[in-house]
Number of protein chains: 2
Amino acid sequence: MQDQLKLDNFICFAVYTASHALNRVYKPLLDTLGLTYPQYLAMVSLWEQDGQTVGGLGEKLFLESSTLTPLLKRLETAGYVRRERSREDERVVVIRLSEEGIRLKEKAIGIPGCIAAASGRDAVDLTRLQAEIVALREALNKSVA
Amino acid sequence: MQDQLKLDNFICFAVYTASHALNRVYKPLLDTLGLTYPQYLAMVSLWEQDGQTVGGLGEKLFLESSTLTPLLKRLETAGYVRRERSREDERVVVIRLSEEGIRLKEKAIGIPGCIAAASGRDAVDLTRLQAEIVALREALNKSVA
DNA sequence: TACGATTATTTATTGCACGATATAAATTCC
DNA sequence: GGAATTTATATCGTGCAATAAATAATCGTA
């Protein structure tokens, strides 16, 4: 049989299942923060840079605003962010961390270490692999655009 | 600032966004087959080996039966598979490809090539990266178990 | 001022993923 | 042989992601 259509040879299957595996490691950690995985990513991005617009966040997270809007509303309901329409340009909504959202960072600071530990690799190796996967992503994104 | 909590250094973010990027490349291809991405993976597994049980499929795809059952029902509604209770062990449900499901393979045979092309890497490099990501998955899965 | 472009929201749909629970057969133990 | 245990699957309910399409508001510009 040609191994053309064999699951174990699919890069996509590897990425897909790795993503699930990561999610399973994250789940219990994020549960303690009351965040889902994409919500966590949004928070990380806001901890990096507060006051981003919905569109700006979407660009960083590779998500459409129609995906982000309900997600951000949940974060607002949870009390982690505020959504404020910009004064300068009233089309734009700016997302700002609340006090509680800022505090949450302290509880999240240990998570990357847990993941790294679970991956069973040292930091250097992990960084290299991470860069490779990013390169794959960029190539794929370029092919679609 | 410590780059501890920096999105661009997260292996998880790389995998997550790469998974999305793959999905975007797949989407138009799979639309012509009338399949979603996880449905496609299930079909690939069945093309490899017809007549698998729900549990067996779940083990290969790393999915719970509670996730697979509705997915397989949709494939059944689409006319690609039949779900038959096993004679020997009536707890077990066996999934069998329909004629149409078997024929679908011909239309799918070209997809992996498209993905490989979109990734912008040669086969050897892709295989190497694939193996690395699988290794990451295995390490993560082991850490949860 | 009118028009096109930008930005976000709303609405609706589809499907994934999982936990909890129920069920049912097979196996094992007494 | 019958009861308890194990194993496998299905069902139900919840939550959320992701997208498409339509709408609305605003901005910049011709």
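Just so it is clear, the values below take in all heavy atoms, side chains as well, and ignore hydrogens, waters and symmetry mates. Below, chain A is the first sequence line, B the second, and so on; all start at residue 1.
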Given DNA chain C, 5'-ward residue of the pair A:Asp89 and B:Gln39, judged by closest heavy atom: A:Asp89
Euclidean distance, atom CG of residue A:Leu72 to atom C1' of D:dC16 [Å, nearest integer]: 14 Å
OP1 or OP2 of D:dT9 under 4.0 Å from side-chain N/O of B:Thr53: yes
Enclosure of A:Glu138 CD (heavy-atom neighbours >12, cutoff 6.0 Å): yes
Of A:His20 and A:Gly55, the one whose closest DNA chain C nucleotide lies more 5': A:Gly55
From D:dT19, C:dT7, C:dT9, nucleotide with atom closest to B:Arg24 side chain: D:dT19
Sugar-phosphate, base or nothing in reach of A:Glu88, heavy atoms under 4.0 Å: sugar-phosphate
Geometric class of the B:Tyr40/A:Phe10 ring pair [parallel <30°, tilted 30-60°, perpendicular >60°]: parallel
Among C:dT10, C:dC18, D:dA17, the nucleotide that comes nearest once only the side chain of B:Leu63 is considered: C:dC18
Candidates D:dA8, D:dA10, C:dA8 - which lies nearest the side chain of B:Arg83: D:dA10
Separation of atom CG in B:Leu68 from atom C1' in C:dA17, rounded to whole Å: 11 Å
Distance test, side-chain N/O of A:Thr69 to OP1/OP2 of C:dT9, below 4.0 Å: yes
Which nucleotide in D:dA10, C:dA26, C:dC16 has an atom nearest any side-chain atom of B:Val54: D:dA10
Of the listed nucleotides C:dA8, D:dA18, C:dC18, the one nearest the side chain of B:Thr67: C:dC18
Of B:Gly56 and A:Leu71, the one whose closest DNA chain D nucleotide lies more 5': B:Gly56
B:Phe13 and A:Phe62 aromatic ring geometry - parallel, tilted or perpendicular at 30°/60° bounds: tilted
Rounded interatomic separation in angstrom, taking CD from A:Glu90 and P from D:dG28: 12 Å
Distance in Å, A:Trp47 CH2 paired with A:Ile109 CD1, rounded so as to fall on 0.5 Å steps: 8.5 Å
Atom-to-atom span, CD of A:Glu76 to P of C:dA8 - whole angstrom: 15 Å
Euclidean distance, atom CD of residue B:Glu64 to atom P of D:dT7 [Å, nearest integer]: 16 Å
B:Leu61 CG - C:dC18 C1' separation (whole Å): 16 Å
Spacing between A:Leu41 atom CG and D:dC16 atom C1', to the nearest angstrom: 14 Å
Nucleotide nearest B:Arg74 (side chain, heavy atoms from C-beta), chosen from C:dA17, C:dG15, C:dA8: C:dG15
B:Arg91 (side chain) and D:dT7 (base): donor-acceptor pair under 3.5 Å: yes
Separation of D:dT19 C1' from B:Lys27 NZ (nearest whole Å): 7 Å
Residue that, paired with A:Glu76, satisfies salt bridge (Lys or Arg N to Asp or Glu O under 4.0 Å) out of A:Arg96, A:Arg83, A:Arg82: A:Arg83
C:dC16 OP1/OP2 closer than 4.0 Å to side-chain N/O of B:Thr36: yes
Shortest side-chain distance from B:Ser66, nucleotide among C:dT7, C:dT9, C:dC18: C:dC18
Out of D:dT11, C:dA8, D:dA17, whichever nucleotide has its closest atom nearest the side chain of A:Val93: C:dA8
Enclosure of A:Glu59 CD (heavy-atom neighbours >12, cutoff 6.0 Å): no
Nearest listed nucleotide, side chain of A:Tyr16, among D:dA18, C:dT9, C:dA17: C:dA17
